[in-house]
Amino acid sequence: SKTWYAADTDTAGTTTKEASVSMPVGLLGTAKGGVKIASTDVKTYSLEYTQGILTGKWEKVGDADGVISAIAKISF
């Protein structure tokens, strides 16, 4: 598994801290979970699963409803 952490401050002075963990799921793909916390106390949660060129993602920002998306990426 891989763990990633970052902190950033934008030009408006808002600091964002972000952490995520990803791990392979057998030979099927990769699962990733993460959280971002802004100095404005807005939290963003995400879950993502990637298999080949397809990625399914769920993301929830603050009190808003969660959003589900599907993405296909092809690189040449």
Checklist line | Side chains of Thr15 and Thr9, donor plus acceptor under 3.5 Å | finding: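 Thr15 vs Thr9: donor-acceptor pair found between side chains.
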
Margin query: Could you report the tightest heavy-atom contact between Thr55 and Glu48, atom names first, then the distance?
Written below: CG2-CG, 3.6 Å

Note to self: Please find the pair of heavy atoms, one from Ser39 and one from Gly13, that lie closest to each other, and give the distance.
What the structure shows: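 Shortest heavy-atom contact: OG-O, 4.3 Å.
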
Please check if [X] and [Y] belong to a single hydrophobic cluster, counting links between Ile, Leu, Val, Met, Phe, Trp and Tyr side chain heavy atoms closer than 4.5 Å.
X: Ile37; Y: Val61; result: no
X: Leu47; Y: Ile68; result: yes
X: Ile71; Y: Ile74; result: no

Does atom [atom1] ([X]) have a neighbourhood of more than 12 heavy atoms from anything else shown, all under 6.0 Å?
X: Lys32; atom1: NZ; answer: no
X: Asp65; atom1: CG; answer: no
X: Tyr49; atom1: OH; answer: yes

Notebook entry, point to check: How far does NZ of Lys73 sit from CG of Leu54, to the nearest 0.5 angstrom?
Noted result: 11.5 Å

Checklist line | CD on Glu18 to OH on Tyr5, rounded to 0.5 Å | finding: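 Atom-to-atom, Tyr5:OH and Glu18:CD are 10.0 Å apart.
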
